[in-house]
Structures are given as structure tokens and as C-alpha cells.
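It should be emphasised that the depicted structure is a prediction, and the values quoted were computed from it without experimental measurement. Here is the naming used below: chain letters follow the sequence lines, and residue numbers restart at 1 for every chain.
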Amino acid sequence: MMRASLQHTDEELLRLTLAGDEAAFTSLYRRRQGAIYRFAWQMSGAQSIAEDVTQEVFLALLKEGGQYDATRGTLAAYLYGIARRQVLRRLAKERAFVALADDETDVTAAQLCAPHDPLVDLARRETVETVRQAVLALPAHYREVVVLCELHELSYAETAVALACAVGTVRSRLARGRALLCERLHALRGTPAPVAAVAAKRSCA
Amino acid sequence: MNCQQAETWIVELARDDGAADADALSHLDVCPRCAAQLRAGRAITADLRALAAHDAGASAPAHVAANLLVAFHAQMNDTPHTSAPVGLLEPVRSSWSSLFFSRRACAAFAVAALVLFTFAWLRVRFNAGAVRQTQTAETVAPVRAKEPTAATPNGSEPAAANRSGEVARNASGAEPPVKSPVRADERLLARTQRRPAAMRVRGRERAPELSVGSVGEMTVLAQANAPESVTEFMPLVAGNAPPLASGQLVRVEVSRSALAALGLPVDVTRAGETMKADVLLGEDGQARAIRLVR
């Protein structure tokens, strides 16, 4: 069985996977599973959903990977598109945005380590959780653009492929999403929203 | 550049995404509203990057990988391994196609087997009751076209019209068939020539329903003395057959199932029964027409 090297592209790893190369499938999974998991987590707010979606995405890749067309976009964008559909399906099924629970058992090692400055770390964690809540409060079609473009640093073109929409649509949704996010964050923090941010939201709405 | 035009650049500037337009930068220097908007945007960017950095280490737990490996092996066991490039491998549809065609083939085979079995069963069953062949022949004399034919009031043939003194009668169907020339009934022949034989039954004398089955042998029986009702003659040859100059009218007994070939409605429950019929034979011995007798 051919061993996949780190120099293989995603498309080559997919081809080898579909040909029965387990090592290639393992490499591809290790390379892309984190991003898919984080995307599903940031979209849903629930790690259980993120686990299920990650599994479903790679199962779909095994079953329908032959339909991937490299000329239409990268494999990463293809996987994000599958993950997006899975997440939206789960969210529609559960009908609610799942808020983060305090008893989440996914404490990472970084969180367990004693911070250099506990106050700074606490402030950072509070900021992070506040932003997470604000992102989760966005409507789904704005949230997915903010998550892909801002949190996963996808380009407008890759985001457009993942969302199956035009680049212009991605730009406008991102602008509106950011404006809504600004307003939401200020509401959560109890600070007045900047006039400019409110005006931008109104102009974009 | 005005504020509306500058807004399109503010998001890009807030995200540090690409080079900024010089005019937009100049506008931001002079417009406090747009400048405040840019500051708010940059704060949002910083918050989002903090969130992304916090989540950077998150990944799916090990059991997801384990489940996927199981699925991978299951998938590969069912799919032939090829080294074809991505996009050229046959999708799952092909296995469904082959399954669909194999099911069709099995269904067609099952139907064919059922039909053959039914045919064989009916043949075995009804051959036991198939008619014996004895023969009573009547010679059909040439008929003058102008000669009128008087139809009976109820449309039925008088029993005597079907017979003449020259008809050889067989008392038993077990005796070998005997063929003797008999003078044909002129009225019958005139009716046949005047009205083309059609696949219809006169009035109340409807042809009995026959069941579908194999064609049995025909037996010509002795004509009974009891009054009979008959149907119209039904042609057994194509319409372009030569006119009938002379021939023979033969009384036979056929199985009901045999008459299904004539397109008559059949009754499955009476497939084993036989019935009388008159067959009109041409000079060449070919059966030209048939009528049912009750």
C-alpha cells in the first residue's frame, strides 16, 4: 500500500483515498479535520454537533469524493461546503442556537496551564466568550460568512465556493455581519455602540 | 470620495485585507465619522482574531477518527480499488444500475418461467380431454348468387339444413374419421358469400366463452338430431383468399381452449370442455371458415 507523504496535495490525497490508500485517508483527515471541527463548533456552539458534523463530512467525502471537481474550487472549500450544509441541517433540526455550557469538558491544555498574568488571561477569556456569543447570535447567513472569512481566513473566492454564492454576496454579507457583530458586542459589554457602526449597519441593512 | 464610497473600503482596511485605496485613505483623514467606523471595524477584527487564536487547538476527538477508519475499510471492501484520477471513478449509481438490471433480468426470467409452466400445465391437463378426430364431411355445392336465402326467424339454423342424406354419420367419436361428400346447404353458403364472415355472433346465439389453452385435436362427431344454433362463419384465412368454388363442411368437436386462437373470449373454468363446430374446407383441403354450434 502506497504511503502518502506530506508533500501530497489535498487532491492527490483524495485520489489515493478513493483508490483505497488508508495512509492517504489518514493524512487527509489529520490535515483537514481540525478546521472542519472548529467551523462546525463556531457555527453551532456545541461540540457534540461539531463531532457529528466532522464525522459526516468525511463520510460524505468517502462516499461522494469522486464527484469533487478541482476546477470549481479547493478541496478545503468543498469540505467547508459539506460541513456548512450539515451544520445548518442540524441547527434547523434542533431549532435553537446552543449556548455554551459551563460544564463543557473540552478544557484544553492551554486553559489548564497557569497563566503568566491571570488577570490578563481572564480578560482574554471573557473577551473570547463574549465574542463567541456575539457570533453565535448572528443570523446563520451572516454568521457563516464571518466564521469563514474572519475566523478561518478564507478568501472571498473560497468562501463563495463553500457557500455556493457570488463573491459580491460574500462581501456584502461580511460587511453587514461585522456591523451587526459590533452592535451586539457593545450590547453585551454594556457600552454604547459607536455612531459610525450604527450608521454602517443601517446603511448596509 | 464621499462617505458612501469610502464604506466599501472600510471593511477591507479594518481587516487589513489588501492595499487600501489612496482616495479612501485621504477621505478617512478628513472624515471623523468614517474614521470612527474604521476604528470600530478594527476592534471587531481584533476580537475575532482573538477568538480564532483561542480555538486554534480544538480538534475532533479520537473516536471520530476511529469511526471513520471503520467506515473507510467498509467502503473499500465494497468498492473495487482503482487508481483512476479523482472525478473519474464510477459513483455509487453504477452499483445501483447493475443491481437494477439484474433485478429486471430476474423478474423477466421469473415471468417467462411462469408463462411456460402455465402453458405446459394447461397442455398436459387439457390434452387428456382433447377432442378425438372423427369426421363427418359435407360437400359444398356451387351456389348461384341470385338464389335467395331465407333466414330463419330466430336466426338459427334448422338442424336439418346442416345435414343431408349423404352425410356419413359416426355414432361414436372413437371410430376413425370418415369423409364423404355431402351436398352443402345452399342457404348457408349463400349467407356466407353474401355477408363476409365476421367475428361476431348472431343475436341470442352468442359463442360460449372459452378458456385459454393449447389447441387440441378436432373430432368430428355424429350430428345429433336435436335442434342446434350456430354462429356466423368466421374466416380462418386472410381476406385475399380465392373464392370458394366447392368444398366440404365438416362437423368437428374442438376444445374450448383451442378457439382462443380465433380471438374468442374464453372462460378459464371451462377450458377442459369441448364444443361442436363446423369447419368449411376448400378444394385444397384448407380450412376456410369455422362456426360454432350449440
Side-chain angles (χ1 to χ4, degrees), chain A residues 11 14-15 17-20 22 25-26 29-30 33-34 36-38 41-42 47 50-51 54-55 58-59 62-70 106 108-110 124-125 127-128 130-132 134-135 146 149-153 171 174-175 178 181-182 185 193-197 199-200 203-204, chain B residues 3-4 7-8 10-12 14-15 17-18 31-41 43-61 63-69 71-77 79-93:
Chain A
E11 289 75 14
L14 177 61
R15 179 179 58 80
T17 296
L18 296 176
E22 179 181 337
F25 175 64
T26 302
Y29 173 77
R30 289 175 179 170
Q33 62 85 18
I36 299 302
Y37 177 84
R38 290 188 294 274
W41 181 28
Q42 289 154 355
Q47 294 195 353
E51 292 174 14
T54 302
Q55 184 168 299
F58 284 90
L59 283 176
L62 286 175
K63 292 178 182 178
E64 302 169 357
Q67 300 177 13
Y68 164 67
D69 185 0
D106 62 321
T108 64
R124 186 187 307 119
R125 292 178 64 182
T127 298
V128 166
T130 302
V131 174
R132 191 189 306 280
V135 169
V146 169
C149 291
E150 301 287 356
L151 302 183
H152 290 256
E153 298 183 349
R171 287 177 176 268
L174 180 61
R178 288 172 60 93
L181 196 61
C182 178
L185 281 172
V195 175
S203 66
C204 291
Chain B
C3 292
Q4 187 174 2
E7 282 181 4
T8 59
I10 288 176
V11 173
E12 309 303 328
R15 299 180 70 229
D17 191 6
C31 179
R33 176 177 169 276
C34 293
Q37 191 173 348
L38 177 58
R39 287 194 295 272
I44 293 295
T45 300
D47 289 338
L48 290 171
R49 288 179 179 173
L51 175 59
H54 178 270
D55 292 346
S59 61
H63 69 83
V64 173
N67 294 341
L68 287 171
L69 277 178
F72 172 83
H73 289 294
Q75 178 85 6
M76 292 304 122
N77 287 337
T79 306
H81 293 185
T82 68
S83 59
V86 173
L88 296 183
L89 292 177
E90 289 187 3
V92 178
R93 270 200 302 278

With heavy-atom distances below 4.5 Å as the criterion, would you say the side chains of B:Asp47 and A:Leu181 are in contact? no
Between the CG atom in B:Leu68 and the OG1 atom in A:Thr54, the distance rounded to the nearest 0.5 Å is 9.0 Å
Pair count under 4.5 Å, heavy atoms only, with chain B: among A:Val146, A:Thr130, A:Thr17, highest is A:Thr17
Okay, A:Ile36 and chain B: the region with an atom under 4.5 Å from a heavy atom over there is neither
Okay, A:Arg30 and chain B: the region with an atom under 4.5 Å from a heavy atom over there is neither
**Study point:** Side-chain heavy-atom pair B:Val64, A:Tyr29 within 4.5 angstrom cut-off
**Key:** yes
Pair count under 4.5 Å, heavy atoms only, with chain A: among B:Val11, B:Leu48, B:Thr45, B:Leu69, highest is B:Leu48
Cut-off 4.5 Å, heavy atoms of chain B, and the answer for A:Leu185 is side chain
Between A:Glu22 and B:His73, does any side-chain donor sit less than 3.5 Å from a side-chain acceptor? yes
Contacts of B:Arg49 meeting salt bridge (Lys or Arg N to Asp or Glu O under 4.0 Å) (sequence neighbours excluded), chain-then-number -> B:Asp16
Heavy atoms of A:Gln33 and B:Ser59 approach each other most closely as NE2-CB, 3.3 Å
If one checks every heavy atom of B:Ala65 against chain A at 4.5 Å, the contacting part turns out to be both
For A:Arg38 and B:Ala58 the tightest heavy-atom approach is NH1-O, 2.9 Å
Honestly, the part of B:Ala43 sitting under 4.5 Å from a heavy atom of chain A is neither
What one should report as the nearest heavy-atom pair of A:Val128 and B:Ala50 is CG2-O, 3.9 Å
Give a yes or no on whether a salt bridge exists between A:Glu153 and B:Arg15, defined as a side-chain N under 4.0 angstrom from a carboxylate O. no
Heavy atoms of A:Gly20 and B:Met76 approach each other most closely as CA-SD, 3.4 Å
The side chain to side chain donor-acceptor pair (under 3.5 Å) partners of B:Asp55 (sequence neighbours excluded) come to A:Gln42, A:Arg132
Q) Are A:Thr26 and B:Phe72 side-chain neighbours, meaning at least one heavy-atom pair lies under 4.5 Å? A) no
**Asked** Do A:Leu59 and B:Gln75 touch side chain to side chain, with heavy atoms closer than 4.5 Å?
**Response** no
